[in-house]
Engineer: 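Below is one structure. I have some questions about it.
Note that these values count all heavy atoms, side chains included, but never hydrogens, waters or copies made by symmetry. Reminder, nothing fancy here: chain letters follow the sequence lines and each chain counts from 1.
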Number of protein chains: 2
Amino acid sequence: MTDADATGPATVRSVARAAGVSVATVSRVMAGTGVVSPERTERVLAAARRLGYTPSPIARSLATGTSRRVAVVVPNLSNPYFYDIIRGIGRASAADGYTMTVADSMEDATAEAALATDMLAQADALVLVAPRADRAVLRELQRSRRPVLMLLGPRAEAGLPDLGVDNLGGMTMLYRHLAEIGHRRVVYLSGPPGAWQNRRRLEAARRAERFGVEVTVLEAGGTIAAGHDAADAALTHGPTAIACFNDLVAFGVLNRLTERGIGVPTDVSLTGFDDIDFSAYSSPALTTVRTPRERLGSEGWHTLRRMIDGEAVDPAPEELAAELVVRDSTGSVQASA
Amino acid sequence: MTDADATGPATVRSVARAAGVSVATVSRVMAGTGVVSPERTERVLAAARRLGYTPSPIARSLATGTSRRVAVVVPNLSNPYFYDIIRGIGRASAADGYTMTVADSMEDATAEAALATDMLAQADALVLVAPRADRAVLRELQRSRRPVLMLLGPRAEAGLPDLGVDNLGGMTMLYRHLAEIGHRRVVYLSGPPGAWQNRRRLEAARRAERFGVEVTVLEAGGTIAAGHDAADAALTHGPTAIACFNDLVAFGVLNRLTERGIGVPTDVSLTGFDDIDFSAYSSPALTTVRTPRERLGSEGWHTLRRMIDGEAVDPAPEELAAELVVRDSTGSVQASA
DNA sequence: CTGTTAGCGCGTTCAT
DNA sequence: ATGAACGCGCTAACAG
């Protein structure tokens, strides 16, 4: 129907010709920059509509040197934890008129570094979620002219701004809670060794001694299957409570416990970390720590946005507070005696 | 340290000058196109490395008219179901040297249409996952010069190639299974009315009569909370089994049933749909239908890739087979009498 | 095999 | 307020 098809996609030029104005005028109207008389503005708009014209974002990027795009690199798109963060970034940035590009490094530090560099070349800024790369690589990224932000990063000396959650405080709340209801011997099932998150959560185990709880650390992992497989070993130490790296692991443990006919919390108490959706609906509902995942993404975007706008941002790591959520998987230790 | 900083980012030009060759040679070396003598190739590579040069993907896109980027629009980044699909697309396309851009329409059909058009302008192709837009919009998209593919689309007359899963067959397998173990009265908790998926799964309810099972349909939704809230109403109809739109809903029901002291499968059997990770680990483990989510993404990419390469693709809807997974949440009806 | 040159589609001075 | 002309960084003919 339209006469656009004949000459291929419409461009500033074709619109200018159709509207009887110069390309500069078309550019000004479409970009909303400069001042154009109402009458000509209308003519341009009409021609654009008629030709089905949309300015090419690519050409625009080349001309302006900016793409209004954020790149995000995550270690693993399978993890619900990460995509809550991604959603936070996506929505907050979309509200500012930015588009988000996501890439998955598949837990490979080398691939991560390559992706990061690559994506950064096509975007105005980069968010590295839970980076696996070592500090040298991170420092290299820092030397880029483009803003780079870490979320859940190593929390130290990388030079890049880093926003995380208070793993130490959150985990400590959990131990304190257990101590208060009489637990003295707990087993902590730790997460994947590569994860920075894991370090801080482990630290809390040492501090738990202050509350009089003795924590035995066992390696597990970060998945349901890992929890399931680690449960028997945990029981070997005769704990009154099992604390897990995250909710997924806790569900794996719960499953194994149920298989063996061990009651939660009557025989042993159980805690998770993250408060994923499911945790309120398991039987028993899981005591855990809520972590502001989507907010991590949105706040991260906002500081990144400030960096894009040229503001100086303090690279000191920041941490969002975690919140204890007590449900039914933890009970006082007397009841189990 | 390097001498790149003084003149800003390196370009073909600066590298050409540093290597003592022409820009064309640099371009050929960097893009791996054309033939350049080994000696000069080395000189260019050395200069590029020294200046920290990386070709600008944006300029390259403008020059070639192709970006090697796929755009993906999903209704809701919160849904694990969609994430698996996205991961499938991401990995398959990455293997072909493409990057993926993801946008979230937040279940808004209008936003979806706008996003789709917008993203398509910045990519070589578009994947619409579970589109909410009506057929007119979809048909409009079809008129684009760029390849567009639907995943889990309306499965008819949209003109766009559409790849989905066999919802009807999968759901039917579930009813047949229930019939075989003696169930005659089942309640089906249906999903969100807007989802195309829901329609086909509903259809199966009518066909279930062939197996002698009478299905009462109740509206629920697609979340754990929806299942939890619909459970009481379902029980009202005195079913021996409750079939759910998806696994999430089933878990919500399971939770409510447990609260009320109703045994699964002793008092009532329960089925889900999707086979999400968790389903193997609930107590009891959930009988469900496995749907090849990641494969949906990867296969989708492969046909899209063929379209990008100019091959003609049959727009007839295709469906990937679903697979029945019998676990512990369904039992023979005699046992419950 | 190599270099020169003309765009890709747009923003942006600089005149007018 | 408007238009002409140049440049963003790169690729793709076309000569040589």
Side-chain angles (χ1 to χ4, degrees), chain A residues 4 7-45 47-48 51-69 97 118 120-124 145-146, chain B residues 4 7-45 47-48 51-69 97 118 120-124 145-146:
Chain A
T7 49
T11 71
V12 257
R13 207 131 36 213
S14 60
V15 174
R17 202 173 309 129
V21 300
S22 74
V23 293
T25 299
V26 174
S27 173
R28 288 193 265 255
V29 170
M30 297 312 292
T33 163
V35 195
V36 179
S37 75
E39 182 246 356
R40 291 173 102 98
T41 300
E42 198 36 62
R43 252 174 37 217
V44 169
L45 257 22
L51 300 184
Y53 170 70
T54 312
S56 153
I58 296 174
R60 186 173 274 178
S61 291
L62 185 57
T64 62
T66 140
S67 59
R68 291 187 87 77
R69 195 197 327 268
D118 200 66
L120 194 49
Q122 326 192 25
D124 290 347
R145 313 137 258 302
R146 302 225 156 100
Chain B
T7 48
T11 72
V12 255
R13 207 130 37 213
S14 61
V15 174
R17 202 174 309 128
V21 300
S22 74
V23 292
T25 298
V26 174
S27 173
R28 288 194 265 254
V29 170
M30 298 310 293
T33 162
V35 195
V36 179
S37 75
E39 183 246 356
R40 291 175 102 97
T41 300
E42 198 35 64
R43 261 189 12 231
V44 169
L45 256 21
L51 300 184
Y53 169 71
T54 313
S56 154
I58 295 175
R60 186 174 275 179
S61 292
L62 185 58
T64 61
T66 144
S67 58
R68 291 188 86 76
R69 195 195 329 270
D118 200 65
L120 194 49
Q122 325 191 26
D124 289 347
R145 315 135 255 302
R146 301 220 153 106

Engineer: Between D:dG3, C:dG3, C:dT5, which one does the side chain of B:V21 approach most closely?
Structural biologist: C:dG3
Engineer: If the cut-off is 4.0 Å, is A:S56 near the phosphate of C:dC10, judged by side-chain N/O to OP1 or OP2?
Structural biologist: no
Engineer: Indicate whether OP1 or OP2 belonging to D:dT2 is found under 4.0 Å from a side-chain N or O atom of A:T25.
Structural biologist: no
Engineer: Starting at the 5' end of DNA chain C, which residue's closest nucleotide do you reach first, B:P38 or B:A59?
Structural biologist: B:P38
Engineer: When B:L45 is tested against each of B:V29, B:V15, B:V26 for side chain to side chain contact (heavy atoms under 4.5 Å, CB included), which residue passes?
Structural biologist: B:V29
Engineer: Output the single nucleotide from C:dC10, D:dG9, D:dA5 whose closest atom is nearest the side chain of B:T11.
Structural biologist: D:dG9
Engineer: By nearest atom, which of the nucleotides D:dG9, C:dG11, C:dC10 is closest to the B:V12 side chain?
Structural biologist: D:dG9
Engineer: Choose from C:dC10, D:dC8, D:dG3 the nucleotide whose nearest atom is closest to any side-chain atom of A:Y53.
Structural biologist: C:dC10
Engineer: Distance check: side-chain N/O of B:R28 vs OP1/OP2 of C:dC1, anything under 4.0 Å?
Structural biologist: no
Engineer: Hey, does the side chain of B:R28 reach the backbone of B:T33 with a donor-acceptor pair shorter than 3.5 angstrom?
Structural biologist: no
Engineer: Please compare A:M30 and B:A63 by the position of their nearest nucleotide in DNA chain C and report the one closer to 5'.
Structural biologist: B:A63
Engineer: Distance-only, no hydrogens or angles: does the B:D124 side chain make a donor-acceptor pair with backbone N or O of B:R68 under 3.5 Å?
Structural biologist: yes
Engineer: May I ask you to verify if any side-chain N or O of B:R17 is less than 4.0 angstrom from the OP1 or OP2 atom of C:dG3?
Structural biologist: no
Engineer: Does a side-chain N or O of A:S27 approach OP1 or OP2 of C:dC10 to a distance below 4.0 Å, or not?
Structural biologist: no
Engineer: Does a side-chain N or O from B:S37 land closer than 4.0 Å to OP1 or OP2 of C:dT2, or not?
Structural biologist: yes
Engineer: Can you tell which of D:dG9, D:dA12, D:dT2 lies closest to the side chain of B:T64?
Structural biologist: D:dA12
Engineer: At under 4.0 Å, does any side-chain N or O of A:R40 touch on OP1 or OP2 of D:dG3?
Structural biologist: yes
